[in-house]
Amino acid sequence: QWERLWFLILTSSFFLTLVWFYFWWEVHNDYNEINWFLYNRMGYWSDWSIPILVTTAAGFTYITLLLILALCHIAVGQQMNLHWLHKIGLMTTLITTVVTMSSIAQLWDDEWEMVFISLQATAPFLHIGALAAVTALSWLIAGQFARTEKATSQMLMFTAYLAVVVALYLVPLTISSPCIMEKAALGPKPAIIGHRGAPMLAPENTLMSFQKAVEQKMYGVQADVVLSYDGVPFLMHDKTLRRTTNVEELFPERAYEHSSMFNWTDLEKLNAGEWFLQNDPFWTAGSLSRSDYLEAANQSVCKLADMLEVIKDNTSLILNFQDLPPAHPYYSTYINITLETILASGIRQQSVMWLPDMERQLVKQIAPGFQQTSGLKLDAERMREKGIVKLNLRYTKVTNEDVRDYTMANLSVNLYTVNEPWLYSILWCAGVQSVTSDSSHVLRKVPFPIWLMPPDEYHLIWITSDLISFIIIVGVFIFQNHLFPSPGWRLGSIRTYNPEQIMLSAAVRRSSRDVKIMKEKLIFSEINNGVETTDELSLCSENGY
């Protein structure tokens, strides 16, 4: 009973660690976002993503090896006999996984949407892998089935296994992926917008970052605008300057002040590049050339006007605005000041995607060419009423059906932040018009979705895989039934071999006192089991005993 309990715990731990490992591997797209989230919680920057991934992989590998060993023991009719150290390791892994999953669910429940999105890319392949694993388990299940004495236990075991197999055979009915489509139906490649410039190649929101984005021939860039205390629009994402500047060195007493409460004369003294080389948020600093490394180390806080001068000729622009503290002298007019700066730069109005809801009607009057963009999910009719032509949303906030409906209504959708080619491919197949990315230099090299499969081809693979699996499973059960002619392996008269039978079979060619003892034990064991005929006591041995 205890062995069964530990096997149940081991199996549960395997599936939990598998789900967690899959989740953490797939959220690689959002590692920087997760680190930023933890930075705001803890107050200091640390790259938690890789340590968590390594720890998760180690725990999953350990549990998998334990499960394989347990199955091997069961296959030869032995108990697990799990060592107490492994029991401690098993329970530690299980508890750690449950606590971590619960913490993510509470702190960042939106991130679990990534699992369902990733299944659109991986489900067809995960199905084949699961089918192969369950088919391979048929050898173990058939052996256990043959060694089980009670018909009730046989029926329960066979029914449970059959239910799992049939469910796997029918799983493709529930699989829906936009990349299961005809090649002719594939839409144009989504345009790529550099998130705060090119933050993998240069410090975010710096002049160098936007220069790199222009060199990569990006469709557009996204930037975060704040107004300084003396009315100069500049670029900064965080509320404070701690993460991306050396404010704690130059102005330690003001390190936690809102960035907008600094005059521009103080802001331009700060270094906005050294943090990028020290923290290396995307693990790309080491790949910079010597000249780029030196240039990144000497970046300063960037004015909005300077950035516009770099990108105004060939690049579109999305601007996010930070709300100013009520005590700011330009609290009620910062939208007007920023708008004046944009218009004075000479950038084409059609290239600007205007995101703030504040003063939208005023912006329409002063700059009617701006593309009015909403950061909130609205229905198509509501968007038309407000004069909005584009949506800018996180990729977890829209479904494939939403994208299709917006496209039919002649409305454009931009999704952020898309860094992984597999996610870019799924959104491409779904018909998304543009994405905002930290890895724009990677996505621009993706010539085609990672996989694209016509429905007929997918159905053929699905049915063929099921048929092969079915034939193998039936063959294994038949083979296991007829492999050993002894009644102990026949489905009609099923009994188990005891340890003496197993050991004796391995030592039949040895003549020793131990062999005789094992034979005597076997005789008494069979007599106790109610055997009445000597034929049932026969064993193949050198002496014909």
Evaluate side chain to side chain contact (heavy atoms under 4.5 Å, CB included) for L119 paired with T122, printing each intermediate quantity in order.
CA-CA 5 Å; L119 288 175; T122 61; 3.9 Å; yes
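- Remark: the backbone N or O of V171 is paired with a side-chain donor or acceptor of T174 at under 3.5 angstrom.
- Applying the side chain to side chain donor-acceptor pair (under 3.5 Å) test to residues at least two apart or on different chains, the pairs with a partner in residues 447-463 are W462-D466.
- Looking at S469 and Y169, their side chains do bring a donor and an acceptor atom within 3.5 Å of each other.
- With sequence neighbours left out, the ring pair (Phe, Tyr, Trp, His ring centres under 6.0 Å) criterion links F470 to no other residue.
- Looking at N392 and Q222, their side chains never bring a donor and an acceptor atom within 3.5 Å of each other.
- Shown here is F448, whose CZ atom has more than 12 heavy atoms of other residues, nucleotides or ligands within 6.0 Å.
- Within the 6.0 Å centre-distance limit, the rings of F14 and F60 are counted as a close aromatic pair.
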Between K87 and H83, is a side chain to side chain contact (heavy atoms under 4.5 Å, CB included) present by the stated rule, with each step listed?
CA-CA 6 Å; K87 292 178 181 178; H83 193 274; over 6 Å; no
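- For the atom pair CG of L90 and CG of L85, the computed distance is 12.5 Å after rounding to the nearest 0.5 Å.
- Checked by atom type and distance alone, the side chain of Q480 pairs as donor or acceptor with a backbone atom of W139 at under 3.5 Å.
- Side-chain contact, W20 with T56: a donor N or O sits under 3.5 Å from an acceptor N or O.
- Atom NZ of K397 has 12 or fewer heavy atoms from other residues, nucleotides or ligands within 6.0 Å.
- Looking only at distances, a side-chain donor or acceptor of Y161 sits under 3.5 Å from a matching main-chain atom of V134.
- Each of I9, L10, T17, I63 was evaluated against L94; a single residue qualifies, I9, per the side chain to side chain contact (heavy atoms under 4.5 Å, CB included) test.
- A donor-acceptor pair is defined here as one N or O able to donate and one able to accept, closer than 3.5 Å; such a pair exists between the side chain of Q322 and the backbone of M236.
- Taking OH of Y424 as the start and SG of C429 as the end, the distance is 11.0 Å to the nearest 0.5 Å.
- Under the 3.5 Å distance criterion, with hydrogens and angles disregarded, a donor-acceptor pair is assigned to the side chains of T396 and R394.
- Using a distance-only test at 3.5 Å, with no hydrogens or angles considered, no donor-acceptor pair links the side chain of N35 to the main chain of D47.
- Going from atom CG of L126 over to atom CD1 of I175 covers 8.5 Å, rounded to the nearest 0.5 Å.
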Assess the residue pair S49 and W283 against the criterion (side chain to side chain contact (heavy atoms under 4.5 Å, CB included)); give the C-alpha distance rounded to whole Å, side-chain angles, the decisive distance to 0.1 Å, and a yes or no.
CA-CA 12 Å; S49 55; W283 320 294; 3.6 Å; yes
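- In this structure, a donor-acceptor pair under 3.5 Å is present between the side chains of T407 and Q433.
- Remark: E420 engages H28 in a side chain to side chain donor-acceptor pair (under 3.5 Å) (not counting sequence neighbours).
- Ring geometry for W45 versus Y39: interplanar angle of 30 to 60°, hence tilted.
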Please test Y395 against Y416 for side chain to side chain contact (heavy atoms under 4.5 Å, CB included), starting from the C-alpha separation and ending with a verdict.
CA-CA 6 Å; Y395 66 89; Y416 63 87; over 6 Å; no
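- Residues P455 and M181 are not in side-chain contact: their nearest non-hydrogen atoms beyond the backbone lie 4.5 Å or more apart.
- Contact check on R243 versus E204 returns a salt bridge, with a Lys/Arg side-chain nitrogen under 4.0 Å from an Asp/Glu carboxylate oxygen.
- Between the side chain of N29 and the backbone N or O of T417, at least one donor-acceptor pair lies under 3.5 Å.
- Below 30°, between 30° and 60°, or above 60°: for W112 and F23 the angle between ring planes is below 30°, a parallel geometry.
- Note: T436 OG1 to L443 CG = 11.0 Å, rounded to the nearest 0.5 Å.
- T284 contributes a side-chain N or O that, together with a main-chain N or O of M200, makes up a donor-acceptor pair within less than 3.5 Å.
- Residues passing the ring pair (Phe, Tyr, Trp, His ring centres under 6.0 Å) test with W48: none are found, sequence neighbours excluded.
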Derivation of the salt bridge (Lys or Arg N to Asp or Glu O under 4.0 Å) call for E257 and K239:
CA-CA 8 Å; E257 285 188 21; K239 292 183 179 180; over 6 Å; no
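- Applying the side chain to side chain donor-acceptor pair (under 3.5 Å) test to pairs two or more places apart or on separate chains, those with a residue in residues 57-67 are Y62-H86.
- In this structure D438 satisfies the side chain to side chain donor-acceptor pair (under 3.5 Å) test together with H195, N419, sequence neighbours excluded.
- In this structure, the side chain of T399 engages the main chain of D402 through a donor-acceptor pair within 3.5 Å.
- The line from CG of L423 to CG of L415 is 8.5 Å long, rounded to the nearest 0.5 Å.
- The main-chain N or O of L168 is found under 3.5 Å from a side-chain atom of H127 such that the two form a donor-acceptor pair.
- With S440 contributing its side chain and S437 its backbone, the two residues share no donor-acceptor pair below 3.5 Å.
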